[in-house]
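Take this structure, written in structure tokens, and hold onto it; I'll ask about it next.
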Amino acid sequence: MGISTETQQNLSRRSSLARVDCASWKIRAASEAAQKRWTTSDFDIGKPLGRGKFGHVYLAREKRSNHIVALKVLFKTQLQQSQVEHQLRREVEIQSHLRHPNILRLYGYFYDQKRVYLILEYAARGELYKELQKCKYFSERRAATYVASLARALIYCHGKHVIHRDIKPENLLIGAQGELKIADFGWSVHTFNRRRTMCGTLDYLPPEMVESLEHDASVDIWSLGILCYEFLYGVPPFEAREHSETYKRIVQVDLKFPPTPIVSSYAKDLISQMLVKESTQRLALHKLLEHPWIVQNADPSGLYRG
Ligand SMILES: Nc1ncnc2c1ncn2[C@@H]1O[C@H](COP(=O)(O)OP(=O)(O)OP(=O)(O)O)[C@@H](O)[C@H]1O
């Protein structure tokens, strides 16, 4: 992948900083770390953790520090064929800057002739999506704990002018303590302006994005509302057989709450305040954290212990 030398140097510097500020990693002399380029021989590679569109993810141990990581191996040819090198560069650039307990850390990256390797924080309890499929839907305590964690992570991102734009169960992982981690920044943008790009998966897209209108950080509030609904009911609210029908339901905000499973009126109130067509009228994330449903149900530790 043609990542520029300057970006490579910046990232390499950043990944060495990541080594120094992560308490559990052994601190290396700064001068040595600054020159350090990662290679596969720095890692003991263990079992496969999963497979994505562009490659595989392995459990790995950095030899010198013994730090356990997830090593994501992407094939350059596949990235080029799908024309996503630019998206990956942006993902690396943004994610490597973010430091939050509910955002998966990207420690650094390196590449060889055929592959690009991302050194990621290991999320020991895997994909949230699988948990949701297993349980069908979550309890209000579990849903509220996750929604509050995500609201905190998004407040942090928005404070850095980063909008995620692709919040959905498939992009969330669970850490060893049960904490939620936003894992995929492929569609995120660093922005100061209102944008008009169409991206994301239809079910989670807000009206202004399906209509290709300008959008801003409030798109993430909408997606968090969709996620909250899916956590509690097991399906996203505007799901339909045809894309065109989902599109119509989103634009009309055709929000219905089925009689089962039974969900409290506080939860429905919160969802209704997030899924508002006029983006400026959506419940602000810091107000979400004060909503009675969150206050009464979310575990303040942010951990769902099951
Ligand atoms: N940091 C991680 N910790 C633990 N497991 C992970 C980690 N990253 C990925 N995985 C596992 O590996 C699988 C593949 O991840 P990957 O990010 O390549 O693909 P994806 O997000 O599922 O799909 P896509 O290629 O569409 O982005 C995930 O579904 C998950 O099970």
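Given the structure is predicted, the values throughout are model-derived calculations rather than measurements. In each ligand, atom 1 is the first atom listed, and ligand 1 is the first ligand listed.
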Atom NZ of K277: over 12 foreign heavy atoms under 6.0 Å: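 Yes, NZ of K277 has more than 12 neighbouring heavy atoms, counting only those of other groups under 6.0 Å.
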
Derivation of the side chain to side chain donor-acceptor pair (under 3.5 Å) call for N171 and H164: CA-CA 11 Å; N171 289 340; H164 188 280; 5.1 Å; no

Residues lining ligand 1 [heavy-atom distance under 4.0 Å, listed by chain and residue number]: L49, G50, R51, G52, K53, V57, A70, K72, L104, E121, Y122, A123, E127, L173, D184

Any donor-acceptor N/O pair, R282 side chain to S218 backbone, under 3.5 Å: yes

Whether F110 and Y117 hold their rings parallel, tilted or perpendicular, with breakpoints at 30° and 60°: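 Correct class here is parallel.
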
Y156-R152 side chain donor-acceptor pair, cut-off 3.5 Å: no

Cluster overlap Y129 with L202, hydrophobic side-chain contacts below 4.5 Å: no

